[in-house]
Amino acid sequence: MSAAPPLVMSSGRAGRALLGLLALAVVVFLVFPVFVIIPISFSGSSFLTFPPESLSLQWYEKFLSRADWLEATWLSLWVAALVTVLATVLGTAAAFGVVRGRFPGQKLVVAFLLSPLIVPGIIVAIAVYFFYARLGIVGSPVAIAVAHTALAVPFVVVNVSAVLHGFDTRLEQAAQNLGAGTWTTFRLVTFPLIRPGVFAGGLFAFITSFDELIVALFITAPGHVTLPARMWESMRNEIDPTIAAVSTLEIVLSVALFFVAGRLQARAAERGA
Amino acid sequence: MTEPTPGPLGAPLGAAVQFDQVSKRYGDALAVDRVDIDVAAGEFLTLLGASGSGKTTTLMMLAGFQMPSSGEIRVGGRQITHVAPAARNVGMVFQSYALFPHMTVAENIAFPLRMRKATAAAKGEAVARVLSIVGLEGLGGRYPRQLSGGQQQRVALARAIVFEPPVLLMDEPLGALDKHLRAHLQTEIKRIQARLGLTVLYVTHDQEEALTMSDRICIMRDGRILQTDSPETLYDRPADTYVAGFFGESNIVAARAEGDGRALFGPTPVPLPRAVRAGEAVECAIRPERISLAPAGAPAFGEALAVPATVTASTFVGDYRRYELALPDGTALSVRHPLRETQAGFAPGEAVTASWAPGAMRFFVDGRAVA
Amino acid sequence: MSALAEPMAAAPPRRAGAAWRKPGLLVLPLLAFLAVFYLVPVLMMLSRASGPALDFAPVQAALTSGVAAQVFWITLKVAVITTLATLVLGYPLALFTAIAPPWLSRLLLAAVMIPFWSSILVRSYAWMVLLGRQGMVNEALIGLGLIETPMRLLNTSFAVYVGMIHILLPFMVLPIYATMKGIDGRLVWAAENLGAGALSVLRFVILPLSLPGVFAGVLVVFILCLGFYVTPALLGGPGDLMASMLIAQEVDLYNWDLASAYAAVLLVVTLLIVAAFSRLLSLDRVMGAGR
């Protein structure tokens, strides 16, 4: 029962060197633009030059002193937090149903639950916009969160399903055999073991909502927009390095969440084994 | 480790278990077919069978993870057929153990006590006691993944007995271990079972394990029980050819009953049991280790049947030598010949006399034993 | 031990909950949620495409409009080129990541995942900065003496391609990498033992076995391309109008029925592609690849 060894190619040194160079070039293409924004955000001038001629924190000051930016940030954080809770609860329950249950039309149901991942954002955006316009709830933070939850929930379903597939149900049988009831079994055995997958799904849900632009463009009220929508406005009008400062903060957040999610997923894989 | 333990752990715990016409149906398929099992308190009973024979399903119904389609299951006289698994109070060692990976050894073992709302002090005491019973003193703080396979097995056993269940179920508990460790743990499990007086239902597909551990063995096939008996009886008096084939080997020769109450085993007439009627097809079986070999022409002892034969192959197996013989009419016969210094072996081509006591033979008509 | 005797008694009988016996029921809350806040709005929007007179006039208008034909043609072209480019760039990266030593492999994966985790808006903004008239790319080209005056890079099709390839590359790399990681290394040993050189190993072992990942990547990238909005809107010029932007434009002009008709066409095209290739598309594979 030894695990299969990883791919190792022992021949073709020159070829591998060439491949490595190519891969390096692609990686630079991927990463460089993300990090080039960071020095610009510390620029002393208002031109988008690189490298910046002088350093200052003025764009961060501007971001932190402008009410519209701060308001947008708070709205996004609040919406994303609500989405995280909603999507995690609904998505985790659904993952249990999909992995553990057997019901007619199951494949179709799964395809439907995951479809927000592939349906073009603009379609969801205008559909929800028309719907909310009729209900008169355009601009309500809760309404924004509800729309975002539909987009974010597939990530929870996918992540939790993955840990559940690797979950040894004999552990639950063992707990019941030892005297634990349904809820106690879930609380003490099942949940602690799938927690990394649930949290990873929650993080995905958070970032999906926090970065979501298209739906937000349509269903936020003018003057009360989310952070991406505020950035969008700014990018189309007054390109100044304030956006670089905001972007830098977002990149720091993304990198942090990436590492947390990576750790969680590694732990989920370990538990599932 | 052998001094008696005071308190409940020292007193016999075992309760009787009864399966009364229990069946389990999946759609059209019958996984378990009207099974009757009576396990006495303190007995070690093994369910033995190939995969798909229904042995694990039977165990799972006793644990409560499968619901019988019909029939009743009783533990200590109490009906438990519809009791939730958590309330059954039967210990279970799962296949590949099912130890909670996120809990330490001590937490794993304390789990059933926690479910029963034991005090911290009582839990600590009980955990320490079972850890010493299974020989894992001082490992309570480890996590399961930090233990060897054999140690994990012991933890699983400790967790299953710590709440003093009257019945212990074991589902292929040693399947994942190597041969040496398995033999060691077999003795260990027997020792603990005897000491606690536990009733054990043990599931395995390893016949040697079943023979060495069980008071009685229940052979299952296609959801049905073929025979329930002590290991000796199963080996010596199998109820049918399937059971006979399950334990050890047999030389089986198809013959036809003659009018004189005999049948021809190769060229040699052998006496048949009275139940076999003349003209019936009968299978005559003799185990390889029951056959003695002597140089050709050696005198036969008393009643023994003696058959002339030629050695066709000889294989050294360690504690015995295995011979393949050909009888004059071409019938092949295997013989296990214990090795003794005083005896030289026989070489292929050599003529020998094979002999055995008539009482060592078994006869089957239509696959069922006749006596 | 005698103190334990009493709590040792059997735990009280408990009935298993309905959710435990029929776990499929746990799908219902999410199903209901999505039905109300996702399916119903989309269906209502689609019904708008049939027009007030229910004669499907908006759909007819959408299908016969020259502008729309042009836009869908551009969208398709961008999707094909972007998909091919991400495949050409992504396959070598995935392969190198799969055969690199673990520390390097982890580093490369992080390099793929960090852009994946940062917002499309931020990354599009980065390209606005880089491709601008005084941006780094122009400065570098002038510095190298390749051009004398800054080129117009931003608000061109070129910028759209660069931005979209950059954003979609991880969606290509991750499924291919995940598939390659699943290949049993002993197969490579066997091939080498049987006399295969590096290129033969690649051609006869790794390439065929990584095809499921390639198909998944191609399909996902292509489908996501069809719905792209932010990047072409920020980086493209007037000629780079894609389907999503056309729909948004019509909504802004209050042509809601026409917008719905365009959306219906886009949705049908997307779903048809997904349905046709659904066996090749494993969303789990794409989304779970970071694990």
Side-chain angles (χ1 to χ4, degrees), chain A residues 4-12 15 19-20 22-23 26-27 30-31 33-34 36-37 48-50 90 93-94 96-98 100-101 103 109 114 117-118 120-123 126-128 130-131 146 150 158 162 179 181-182 211 213-214 228 231 235 243 247 250-251 254-255 257-258 265 269, chain C residues 11 14 16-17 20 23-24 26-27 29-30 33-34 37-38 41-42 44-45 89 92-93 96 98-99 108 111 113-115 117-119 121-122 125-127 129-130 132 134 136 169 183-185 188 197-198 201 223 227 229-230 244 247-248 251 259 263 266-267 274 283-284 287-288 290-291:
Chain A
L7 279 185
V8 177
M9 291 177 73
S10 39
S11 56
L19 184 68
L22 197 57
V26 177
V27 160
L30 267 176
V31 174
V34 177
V36 81
I37 300 170
L48 296 174
T49 49
F50 186 90
L90 290 170
F96 265 91
V98 165
R100 298 274 177 89
F103 47 89
V109 168
L114 299 185
L117 292 175
I118 51 148
I122 190 74
I123 292 179
I126 65 169
V128 171
F130 296 163
F131 187 64
V146 164
V158 167
T182 307
D211 286 345
L213 170 64
I214 306 179
M231 290 168 77
M235 275 180 216
I243 302 188
S247 297
E250 281 212 7
I251 289 166
S254 301
V255 171
L257 291 184
F258 160 70
Q265 288 187 328
Chain C
R14 266 173 277 218
W20 199 263
L26 288 167
V27 179
L30 179 57
F33 179 90
L34 286 180
F37 295 107
Y38 166 67
V42 169
M44 279 169 63
M45 183 268 290
L89 295 176
L93 176 54
F96 189 71
I99 64 172
L108 292 170
M113 289 300 289
I114 285 174
W117 272 85
S118 40
S119 96
L121 203 54
V122 168
Y125 170 70
W127 285 110
V129 172
L130 284 172
Q134 275 97 42
M136 264 183 81
L169 199 47
I183 298 176
D184 184 343
V188 173
V201 167
I223 288 167
Y229 177 77
V230 175
S244 291
I247 295 169
V251 173
L266 179 61
L267 183 62
V274 173
L283 288 170
D284 289 28
M287 300 308 161
R291 181 163 313 133

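Hydrogens, waters and symmetry mates play no part in the numbers below; they use all other heavy atoms, side chains included. Labels below follow one simple rule: chain letters A, B, ... track the order of the sequence lines, proteins then strands, and each chain is numbered from 1.
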J.: Under a 4.5 Å heavy-atom cut-off, does chain A meet the side chain of C/L169, its backbone, both or neither?
T.: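 Contact with chain A involves the side chain of C/L169 alone.
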
J.: Answer with side chain, backbone, both or neither: which region of C/F33 has an atom nearer than 4.5 Å to a non-hydrogen atom of chain A?
T.: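 Interface part for C/F33: side chain.
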
J.: Side-chain contact, heavy-atom cut-off 4.5 Å: C/V251 with A/I122?
T.: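 Not touching, per the 4.5 Å side-chain cut-off.
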
J.: Testing the basics here: between C/A111 and A/V27, what is the closest heavy-atom pair and its distance to 0.1 Å?
T.: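 Smallest heavy-atom distance, with atoms named: CB-CG1, 3.6 Å.
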
J.: Any idea which of A/P120, A/G121, A/G97, A/G101 has the most non-hydrogen atom pairs under 4.5 angstrom with chain C?
T.: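 Top option by heavy-atom pairs under 4.5 Å: A/G97.
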
J.: For C/S119 and A/D211, work out which heavy atoms get closest and say how close.
T.: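 Answer, listing the atom of C/S119 first, then A/D211: CB-CG, 3.2 Å.
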
J.: Of all heavy-atom pairs between C/V274 and A/I118, which one has the smallest distance, and what is that distance?
T.: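 Closest approach of C/V274 to A/I118: CG2-CD1, 3.4 Å.
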
J.: As an exercise: rank A/V98, A/V146, A/V31 by heavy-atom pairs under 4.5 Å with chain C and give me the winner.
T.: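 The candidate making the most pairs under 4.5 Å is A/V146.
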
J.: Determine the option with the most heavy-atom pairs under 4.5 angstrom with chain C, choosing from A/I126, A/L30, A/V34, A/V128.
T.: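 It is A/L30.
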
J.: Any donor and acceptor pair, going by atom type alone, linking the side chain of A/S247 with main-chain N or O of C/V122 inside 3.5 Å?
T.: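 No; judged by distance alone, with no hydrogens or angles, the pair does not exist.
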
J.: Considering all heavy atoms of both residues, which atom of A/P228 and which atom of C/L121 are nearest to each other, and what is their separation?
T.: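 That would be O-CD2, 3.2 Å.
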
J.: Provide the closest heavy-atom pair for C/L26 versus A/A93 in the form atom of the first, atom of the second, distance.
T.: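 In terms of heavy atoms, the two residues are closest at CB-O, 3.2 Å.
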
